[in-house]
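Taking it in order: structure first as structure tokens, then the write-up.
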Amino acid sequence: MRRGDSMRDYTARFIQIPMRDGIELGAVLYLPSGAGRLPAVMEMTPYLADNAHSIGVEFAREGLAFVAVDCRGRGGSGGEFMQWRNDGPDGFDAVQWIAEQAWCDGQVGLFGGSYTGWNQWSIAGHLPPALKTIVPSAAFMGGVDIPHGGVGSPYMYRWRVTLKGHHISWNLAADTLIFNRIQGDLYRRHGSLLEVPGMLGFEAPGWEDDLVATGWGPIWEARRPSPESLRKLDIPVLSLTGMYDTCLPGTLTHHRRYDEHGGEKARRQNYLIIGPWDHRGMRGTDRVYALQFGPAAKVDLYALKREWYRWVFGMGDKPAFLDSRVKHYLCEADEWRGADSLDALCGTQRPLFLASDGHATDVFRSGWLADSAADTPSDRFVSDPSDFRPLETESRLSRSPELDSHSGAVFPRAYNSLFFIQGGEDPTNAVFCHNTFGQGVIYHSAPLEAPIDLVGEPELRLWLSCDAPDADLCVLLYEVLEDGSAVFLSSDLLRLRHRDGSTDGVPMPPQTPTEVRFSKFRFATRRLLRHSRIRLVVRATACSFMQKNLNSATPVHLQQPEEARVARIEVLHDRAHPAALMLPIVK
């Protein structure tokens, strides 16, 4: 930023943007005082344009126009809000209208994160000619972030409640007691997520798709740019996410799809930053809950983004920080590393083989992870839909030092939640390792003889035998430090009927050893310290924030309470069934 820019005066005014069907979208336009024709940055948000005020001011003081637009049916915009449906075509119309205004020089870029990270990709997929760049942070992708591995979440209705009508309902969504009661009630009586709209007295268009879809198929494909549109898109993209961002998998999937389907020009301009941040820390903080990082973690991401826009718009140099196309922060080493591609960053897969004396159901008497396959007895655990003890853990306060009465909003910090912990939230909270209630197995490595750099997406290759047609499993991966504390590394979720990635799924063959691969782990980037151990936990989800599976052959959203059954699961690790955790290690 040039000296004095932070004091530049600015103006703001309400405007209306016409859509092709006659609907008008309400927006707030921010301009530097006395400026002529300028490039413009737009955010189309369901969270109300007024909430982008400070961002608009920052951009105007930097010498750029900023337009905060209410999504259709939200805030000052006409029509009805339908998540995932209208943002693409509406965004096309808004971009082109902005480019034609007297205060714009014809160049438009997009801004935002989470939902407005997703809708930047949706708008870009409609190929507006005036669009010059998108900068999606923590970009959600349906079918990748939620549902993940075929496992849905009541979070979708909690999020949607905030966006009822034209106002915003942060306080209602933040009322953890109300939603814990709704979710706990559904969990205890084996209820379906399809009951939730009636319980809340609120129906939302397209809601049912979000509650019942597995994560694959045409519902989700329609919500992301097609390969054909990505082949025609050749604009520069800067994507940002964090190792503890709940939308990390979605952001990486967006990036990879542009690399895969875009042309050579698109690939050269497809930049990605993976920091140590969480979903709410996308301004570049150096702390996530109780986990403190070194000074290199603290990056002024908003300043970096403004620098990026100025470069794309021909107003300045490329940000010096972007000295490679993909950059990641290596936690504990406190250093940034770069490469030409995401795959080039990742380490070589090194196997650690599961072994046990047959009693690996306790963190204090666990199985072990070894360098070579062994011939050891199998471990057994259950997935019991009628065991409500895990709900007691969920209802207790977390020990996170960040807790306060106003931090909950849509992502509640206050209570333990397997759903949020496996999504990267509260990374020093290992409560779901300490008591599995017989619904999980645990394995530890020997203490590391030297530090190792874990960079990439792990994979778990399990041999399972199950006496039920289905069950939902969660895998948690931790570093256990020398003092006994634990730091979250990665996770995966999988509904066993969807182990082949199909939409309809295939029930598990009864009591037949079956190889099941957990191949959608979160990206991890951390230096594991000497004398640390690696902890692997495989457990039933048993969480009211996850869609409940009664373990029957019926599709989960159609299951009836009388179908509930205990799934008895056997984890095999003998020479005929070598189960292995594959870790991406950088030499």
Side-chain angles (χ1 to χ4, degrees), residues 1-19 24-45 49-71 76-77 90-113 116-117 119-120 123-124 126-137 233-238 240 269 271 283 300-320 322:
M1 184 181 292
R2 296 185 304 273
R3 182 178 179 87
D5 276 355
S6 62
M7 299 304 294
R8 178 180 286 163
D9 200 6
Y10 62 92
T11 63
R13 61 188 176 94
F14 294 104
I15 58 174
Q16 296 294 122
I17 302 177
M19 300 291 101
E24 290 189 335
L25 303 187
V28 183
L29 168 64
Y30 297 85
L31 289 171
S33 294
R37 292 165 62 86
L38 296 169
V41 177
M42 179 187 92
E43 180 177 16
M44 178 177 283
T45 176
D50 183 67
N51 286 318
H53 177 74
S54 62
I55 299 166
V57 170
E58 289 178 17
F59 273 84
R61 284 178 167 167
E62 179 66 12
L64 295 168
F66 188 86
V67 188
V69 184
D70 286 320
C71 288
S77 294
D90 284 353
F92 178 101
D93 292 352
V95 166
Q96 292 305 111
W97 183 88
I98 289 170
E100 295 169 358
Q101 302 312 298
W103 40 264
C104 182
D105 70 358
Q107 301 184 91
V108 181
L110 298 181
F111 176 92
T116 66
N119 73 11
Q120 290 183 63
I123 294 166
H126 283 73
L127 305 172
L131 183 63
K132 303 306 178 185
T133 185
I134 63 173
V135 184
S137 298
L233 190 67
D234 63 0
I235 61 173
V237 174
L238 174 60
L240 302 98
Q269 302 177 111
Y271 286 77
R283 277 185 175 263
D300 188 342
L301 293 183
Y302 276 21
L304 177 65
K305 292 175 187 179
R306 292 193 300 271
E307 208 176 338
W308 167 273
Y309 291 115
R310 294 179 66 85
W311 171 59
V312 171
F313 294 146
M315 302 169 67
D317 297 328
K318 187 173 80 169
L322 299 176

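Since the model is a prediction, treat every value here as computed from it, not as a measurement. Positions are given from 1 along the sequence.
- Applying the salt bridge (Lys or Arg N to Asp or Glu O under 4.0 Å) criterion to R37, with sequence neighbours excluded, gives no partner residue.
- With sequence neighbours left out, A60 forms a side chain to side chain contact (heavy atoms under 4.5 Å, CB included) with Y10, Y30, P32.
- Under the salt bridge (Lys or Arg N to Asp or Glu O under 4.0 Å) criterion, D70 pairs with no residue at all, not counting sequence neighbours.
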Practice problem: Take M42 and V69 through the side chain to side chain contact (heavy atoms under 4.5 Å, CB included) test and state the conclusion after the steps. | Solution: CA-CA 7 Å; M42 179 187 92; V69 184; 3.8 Å; yes
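- In this view, D50 satisfies the salt bridge (Lys or Arg N to Asp or Glu O under 4.0 Å) rule with no residue, not counting sequence neighbours.
- Note that CZ of F66 is 12.0 Å distant from CG of L31, once rounded to the nearest 0.5 Å.
- The shortest side-chain heavy-atom distance between V237 and Y271 does not fall under the 4.5 Å cut-off.
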Do any side-chain atoms of residues 101-112 form donor-acceptor pairs under 3.5 angstrom with protein atoms, and if so which ones, sequence neighbours left out?
from: Q101; atom 1: NE2; to: W97; atom 2: O; distance (Å): 2.7
from: D105; atom 1: OD1; to: Q107; atom 2: N; distance (Å): 3.0
from: D105; atom 1: OD2; to: Q107; atom 2: NE2; distance (Å): 3.1
from: Q107; atom 1: NE2; to: F313; atom 2: O; distance (Å): 3.4

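- No side-chain heavy atom of K132 sits under 4.5 Å from any side-chain heavy atom of I235.
- By the 4.5 Å heavy-atom criterion applied to side chains, D90 and L25 are counted as neighbours.
- Legend: residues meeting side chain to side chain donor-acceptor pair (under 3.5 Å) with K305, ordered by chain and number and at least two apart, are S137.
- Between W308 and L304 the shortest side-chain heavy-atom distance does not fall below 4.5 Å.
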